[in-house]
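Data block below; observations after.
The shown structure was predicted, so the numbers you read here are calculated from the model rather than taken from an experiment.
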Amino acid sequence: GELGLVLSPAPVGSKMPSPDHHHHHHQQQAAAAAMEELAAGSRRQQQEHHLHLQHQQQQPAFATAESAGVSNNKDVKPLTKKEHKRGLSTGERDPKTLRRLAQNREAARKSRLRKKAYIQQLESSRIRLAQIEQELHSARAQGVLYPGSSLLAEQGIAGKGLGGIDGLSSEAAMFDVEYARWQEEHNRLMYELRAALQQHLPEGELQMYVESCLAHHDEVLAIKDAVIKGDVFHLISGVWRSPAERCFLWLGGFRPSEVIKMVLSHVDPLTEQQIVAVYGLQQSAVQTEEALSQGLDTLYQALSDTVVSDALTCCSTPNVSNYMGQMGLAVHKLTTLEGFVRQAEKLRQQMLHRLHQVLTARQMARSLLAVSDYFHRLRVLSSFWVNRNRMAPQDQQLEAGPHT
């Protein structure tokens with residue numbers, strides 16, 4: 001609070017103060033001045049303290065606002081060129097950009113048209129090639145073209161045997177590629193199955209390997225089905241197998257009864273119930289094989305009778321219609337050959353799955369490995385047979401080595 005002394009003036013006409021009183025009056029004035037100076041200093045300290053408090057209250061708010069501004073600036077990212085261009089409407093873009101976009105669209109449209117035209121050209125070429133092949137076969141069937149004729153000699157076809165044009169069909173070539181890929185995958189699965197069997201895995205884990213191998217055997221049925229439709233003779237001839245494997249080929253594959261015989265010699269001692277089931281399966285496979293073989297022999301005989309018929313004599317030109325009719329009948333009989341091969345493939349597939357139902361996982365794994373090893377040994381035998389002429393001098397040198 002402010003402190004002060006109020007000195008009332010002396011009344012007019014009063015007596016003059018005495019020296020002591022005058023001295024006392026000076027002391028009171030000095031004390032009043034000191035008190036005023038102290039009050040002024042106190043007011044200045046209060047103002048400074050109030051200003052300091054206001055400064056402290058404003059500084060955190062300013063810092064918070066500043067930090068918030070900085071964080072907001074960090075969150076705000078500059079627009080990229082693509083976002084900036086995407087944000088612009090078509091009317092806001094410059095003419096140069098619009099012209100370049102239009103050129104790109106036009107180039108893409110022309111590229112699509114060229115691709116479509118190229119595909120159509122390939123398709124038309126394929127159809128034309130099929131028509132030419134059909135016309136060539138039709139002309140050969142009518143007796144117009146023969147091996148050694150001038151037309152065949154001009155086209156470079158003469159000298160390639162009685163069949164005319166040699167080489168694989170597209171279906172046969174595709175089958176050879178797919179089967180080679182299947183064989184590589186089969187070798188890998190057999191390697192994994194053998195390793196799992198040697199590790200003495202439980203039946204549950206071993207079952208997964210066996211099912212994977214059986215599923216892989218089912219895949220070859222789909223691969224063969226395509227070549228049966230396109231070129232069944234390629235499958236029956238066995239040219240896609242090694243020479244030694246062809247000796248044991250039956251309708252494009254193995255005989256199921258022979259596989260069951262191999263299984264019986266490689267699995268663990270079977271229970272009485274398993275023995276009855278396996279022998280029953282073998283007997284059923286033998287009966288089906290005999291029925292298919294008899295039907296195939298009957299087909300071959302009928303086909304031979306059709307081919308040796310007098311109606312197919314090439315020299316009798318007036319019987320061209322009868323000639324074409326007999327050839328059409330022979331072709332129709334050949335289509336039944338596809339049915340025989342499909343039944344044989346189905347029999348092989350059913351035999352493997354029924355064996356899987358009878359045997360345990362470990363027994364089935366050993367059976368699959370036994371069949372795989374059998375065909376692998378036949379391929380190795382074929383390799384030795386093909387290279388026998390080159391291996392003979394080496395064997396002679398080995399035999400003559402100790403004597404020399």
Side-chain angles (χ1 to χ4, degrees), residues 179 182-224 238 241-242 244-294 343-384:
Y179 183 79
W182 181 89
Q183 188 65 47
E184 292 180 359
E185 182 68 14
H186 175 74
N187 295 336
R188 185 187 65 82
L189 290 175
M190 289 298 105
Y191 176 80
E192 294 179 354
L193 181 63
R194 193 184 305 275
L197 195 61
Q198 292 175 354
Q199 293 175 3
H200 302 285
L201 296 179
E203 288 285 329
E205 297 182 12
L206 199 60
Q207 181 73 19
M208 295 188 296
Y209 287 95
V210 172
E211 292 178 354
S212 178
C213 295
L214 290 177
H216 187 64
H217 275 283
D218 294 339
E219 290 180 6
V220 77
L221 184 63
I223 297 174
K224 287 183 177 181
R241 287 293 190 102
S242 62
E245 287 178 298
R246 297 173 202 166
C247 298
F248 304 94
L249 207 63
W250 177 74
L251 286 176
F254 57 85
R255 285 182 176 269
S257 59
E258 295 296 328
V259 171
I260 295 176
K261 191 181 299 183
M262 284 187 292
V263 167
L264 290 173
S265 60
H266 286 84
V267 295
D268 294 335
L270 300 174
T271 63
E272 184 177 355
Q273 184 178 2
Q274 286 178 331
I275 293 175
V276 172
V278 171
Y279 275 103
L281 181 59
Q282 185 182 17
Q283 185 178 3
S284 176
V286 170
Q287 293 176 357
T288 308
E289 290 172 8
E290 291 178 354
L292 289 176
S293 298
Q294 291 177 2
Q343 291 182 35
E345 291 296 331
K346 195 69 175 177
L347 179 62
R348 283 185 275 266
Q349 183 186 29
Q350 290 177 355
M351 185 272 302
L352 289 176
H353 284 278
R354 290 181 65 181
L355 273 178
H356 184 215
Q357 295 174 359
V358 173
L359 303 177
T360 63
R362 194 170 304 277
Q363 291 172 342
M364 191 62 192
R366 291 178 179 175
S367 302
L368 292 173
L369 289 175
V371 175
S372 178
D373 292 341
Y374 171 74
F375 288 106
H376 176 71
R377 290 165 187 168
L378 289 179
R379 288 191 294 270
V380 173
L381 178 61
S382 300
S383 178
F384 278 105

Minimum heavy-atom separation for [X] to [Y], with atom names?
X	Y	value
L347	A285	CD2-O, 4.2 Å
P269	Q363	O-NE2, 4.2 Å
R246	G238	NE-O, 3.0 Å
R348	G252	NH2-C, 3.9 Å

[X] [atom1] to [Y] [atom2] distance, which is reported to the nearest 0.5 Å:
X	Y	atom1	atom2	answer
Q350	L281	CD	CG	10.0 Å
I260	S367	CD1	OG	10.5 Å
R379	S383	CZ	OG	11.5 Å
H376	Q183	NE2	CD	10.0 Å
D218	E345	CG	CD	11.5 Å
Q207	L214	CD	CG	8.5 Å

Student check: side-chain heavy atoms of [X] and [Y] closer than 4.5 Å:
X	Y	value
Q274	T360	yes
V371	L352	no
L189	Y209	no
V263	R366	no
V267	M364	no
Q343	K346	no

Any chance the side chains of E289 and S257 put a donor and an acceptor closer than 3.5 Å?
yes
Within the 3.5 Å criterion, strictly below it, is a donor on E245 or S242 matched to an acceptor on the partner's side chain?
yes
Short question: side chain of [X], backbone of [Y] - any donor-acceptor pair under 3.5 Å?
X	Y	value
W182	I223	no
K224	Y179	no
T288	S284	yes

Before you tell me yes or no, could you show the steps for Q349 and H217 under side-chain contact (heavy atoms from CB on, under 4.5 Å), namely the whole-Å CA-CA distance, both residues' side-chain angles and the distance that decides it to 0.1 Å?
CA-CA 8 Å; Q349 183 186 29; H217 275 283; over 6 Å; no
Above 12 or not: heavy atoms from other molecules or residues under 6.0 Å from [atom1] of [X]?
X	atom1	result
R377	CZ	no
H353	NE2	yes
Q283	CD	no

C213 and M208: CA distance, side-chain angles, deciding distance, side-chain contact (heavy atoms from CB on, under 4.5 Å) verdict:
CA-CA 9 Å; C213 295; M208 295 188 296; over 6 Å; no
Given the ring of F375, does R241 sit roughly above its face, with NZ or CZ under 6.0 Å from the centre of the six-membered ring and within 45° of the axis?
yes
Can you pull out every ring-ring contact (aromatic ring centres under 6.0 Å, His included) where at least one residue sits in residues 244-274? Sequence neighbours excluded, please.
none
Distance-only criterion, 3.5 Å: show the donor-acceptor pairs between side-chain atoms of residues 190-204 and protein atoms not counting sequence neighbours.
residue: E192; atom: OE2; partner: R188; partner atom: NH1; Å: 2.5
residue: R194; atom: NH2; partner: D373; partner atom: OD1; Å: 2.9
residue: E203; atom: OE1; partner: A361; partner atom: N; Å: 3.2

Ring pair (Phe, Tyr, Trp, His ring centres under 6.0 Å) involving H356 - partner list, sequence neighbours excluded:
none
